[in-house]
Amino acid sequence: MVMKAEIETKARGKRWGLMAVFGALFALFIAMAVSSKASTGLSLFRQTPCHCAKYTGIVEDCCCDYETVDRLNKEVLYPSLQELVKTPFFRYFKVKLWCDCPFWPDDGMCRLRDCSVCECPESEFPELFKEPRNVLSPDDPICQEGKPQAAVDRTIDSKAFRGWTETDNPWTNDDETDNSEMTYVNLQLNPERYTGYTGPSARRIWDSVYSENCPKYPSEELCQEEKILYKLISGLHSSISIHIAAEYLLDEATNLWGQNLSLMYDRVLRYPDRVRNLYFTYLFVLRAVTKAADYLEHAEYDTANPTEDLKTQSLIRQLLFNPKLQAACPVPFDEAKLWKGQRGPELKQEIQKQFRNISAIMDCVGCEKCRLWGKLQVLGLGTALKILFSVDGQKHLLQNLQLQRNEVIALMNLLNRLSESVKFVHEMGPSVEMIMEGQISSPRSPNRLWEMIRTFIVKKTEVSSNQ
């Protein structure tokens, strides 16, 4: 009885704590509205109440509309992916953390302890991950993807799975078969968030990615394939920026973490093309997953933990064959329209080389945790490209897709990262835009009150969770 009473007291404390958060939030919003009205004649609540119609219709170059994507993400994809990436199979990622930068001397280390990666001791990750797998000969048909005569086929053999292989991905730079320099990392212990990695070194990474490998020329100067490469990198960049802003160190002295909404607005939300590219990248990666559905269904998710492995298999099937997803958005992106015409094979090799360069640039990231998530997400994107364009040049020959375990881990974790970003933009984007654009239009608006709101929410939420 005493324990029950204590539990009920704690539950009431949490409810009252949350009520206090919302009550204070409402009061501060009223204060902002009054202050804004007094200084400019405009009230906060007279702003456009919702930007919901800002992103409507079909996502450019895709086959689904924004409304459907947001609904499916909320009801199907986000919940399933959140569970999936926590399973033992998808929790551990094999990565080469320390490599020499092939382009310039590494001169930028981040300044926070949060930049470092906690590596797994050998006793932690599954024993099965240590076993050597099939190593394929370069003459094997699946190693011929980069040949100029490559064509596009929209099918994948459902009997393709022949065990996890160790063969290099033609779209990425790392030698995934060189286990001597690899280490396993528990992704749940190394979340993607703000690390303090800023300044010239960080800017040089993205400048190099964009200017040397996927420059944004006027649209009339780009072919469809070049536009897609730019949009994929832009969408990935937007997602990374959202995760940094969503878990940001607001006060280093007190170790206060929370959401830096002004940063999120400045880097992503104020640029509609960046939001659109985020949705595009999400649908592109989702298409790769749905195209490989039969392969992924029959893959082996063994970690020597039968209960968890059965759960992983079940979650994969729930995700791949969800009737809502199949009915509303069966083909998120149509890859068959690419690589057409005489320049198709040559263009594919050219873009493949550019993406490999982008992959190599990840070795120049001067922050261990940033490098980890950069490598994982670029490998995930490279895996999506491999799946969608995985046919060799022999006409009408069905290509058997073969993937490494690490590629599938990267692919599903990338899809989860994009899913989180899309969810945040859909749910928080309109409110953040309304507040930030209200401040921009009102030079004397009470910015300090907005900082108070943000800090107060974080502190009250922490107090409530500990009660």
Side-chain angles (χ1 to χ4, degrees), residues 9-32 35 44 108-119 185-203 239-270 365-374 417 420-421 423-425 427-429 431-436 438-440 445-467:
T9 300
K10 288 183 179 180
R12 284 196 300 271
K14 287 185 178 181
R15 287 195 294 270
W16 281 110
L18 289 173
M19 289 174 66
V21 170
F22 289 113
L25 180 60
F26 181 77
L28 286 170
F29 264 104
I30 293 294
M32 287 182 68
S35 175
L44 177 65
M109 294 304 297
C110 64
R111 59 187 179 84
L112 296 181
R113 65 178 182 274
D114 301 280
C115 177
S116 61
V117 168
C118 176
E119 299 177 16
V185 173
N186 185 335
L187 298 173
Q188 297 297 305
L189 299 180
N190 296 278
E192 182 185 26
R193 62 179 184 174
Y194 173 78
T195 63
Y197 181 53
T198 58
S201 176
R203 285 194 298 271
S239 181
I240 291 171
S241 296
I242 287 169
H243 280 94
I244 290 172
E247 196 167 353
Y248 195 87
L249 184 59
L250 300 173
D251 187 343
E252 189 172 349
T254 60
N255 198 35
L256 178 65
W257 291 80
Q259 296 170 351
N260 188 333
L261 301 184
S262 60
L263 179 68
M264 188 177 301
Y265 177 80
D266 289 337
R267 290 193 180 180
V268 180
L269 296 178
R270 71 184 301 176
V365 176
C367 159
E368 197 176 48
K369 191 170 289 182
C370 308
R371 185 184 300 134
L372 163 66
W373 283 102
R417 298 274 91 187
E420 291 175 342
S421 297
K423 183 175 184 288
F424 199 100
V425 166
E427 294 181 354
M428 295 288 292
S431 300
V432 174
E433 289 179 34
M434 182 177 68
I435 294 169
M436 298 307 299
Q439 290 185 16
I440 292 170
S445 59
N447 294 324
R448 176 58 185 161
L449 282 174
W450 173 242
E451 294 298 324
M452 289 169 60
I453 290 173
R454 185 175 62 190
T455 303
F456 187 85
I457 291 173
V458 174
K459 288 183 176 179
K460 276 294 183 182
T461 304
E462 290 179 345
V463 170
S464 298
S465 64
N466 292 327
Q467 287 176 337

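Everything numeric here is computed off the predicted structure, so don't read it as measured data.
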How far apart are the closest heavy atoms of [X] and [Y], and which atoms are they?
X      : Y      : result
Leu269 : Gly429 : CD1-CA, 4.1 Å
Tyr197 : Gly366 : OH-N, 2.9 Å
Ser421 : His243 : OG-CE1, 3.1 Å

Handout entry: Verdict with reasoning, Tyr265 to Glu433, per side chain to side chain contact (heavy atoms under 4.5 Å, CB included)
Key = CA-CA 7 Å; Tyr265 177 80; Glu433 289 179 34; 4.2 Å; yes
Problem - Nearest-0.5 Å distance that lies between atom CG in Leu249 and atom OG1 in Thr195 - result: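 Separation between the atoms: 10.5 Å.
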Exercise for the section: First locate atom OG of Ser241, then atom CG of Asp266, and finally report the distance between them rounded to the nearest 0.5 Å. Expected result: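 Between Ser241 OG and Asp266 CG, I get 11.0 Å after rounding to 0.5 Å.
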Exercise for the section: Take Asn260 and Tyr194, measure what side chain to side chain contact (heavy atoms under 4.5 Å, CB included) needs, and give me the verdict at the end. Expected result: CA-CA 10 Å; Asn260 188 333; Tyr194 173 78; over 6 Å; no
Practice task
Take Met436 and Arg270 through the test side chain to side chain contact (heavy atoms under 4.5 Å, CB included) and record every step on the way to the result.
Solution key: CA-CA 9 Å; Met436 298 307 299; Arg270 71 184 301 176; over 6 Å; no
Handout entry: Verdict with supporting geometry, Met428 and Met264, side chain to side chain contact (heavy atoms under 4.5 Å, CB included)
Key = CA-CA 10 Å; Met428 295 288 292; Met264 188 177 301; 5.8 Å; no
Practice task
I would like to know whether Glu368 and Arg371 meet salt bridge (charged side-chain N to carboxylate O under 4.0 Å, His left out); could you show each step before the answer?
Solution key: CA-CA 5 Å; Glu368 197 176 48; Arg371 185 184 300 134; 5.8 Å; no
Exercise for the section: Check whether any side-chain N or O of Trp373 sits under 3.5 Å from a backbone N or O of Arg193 as a donor-acceptor pair, and report yes or no. Expected result: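 Not a single qualifying donor-acceptor pair exists.
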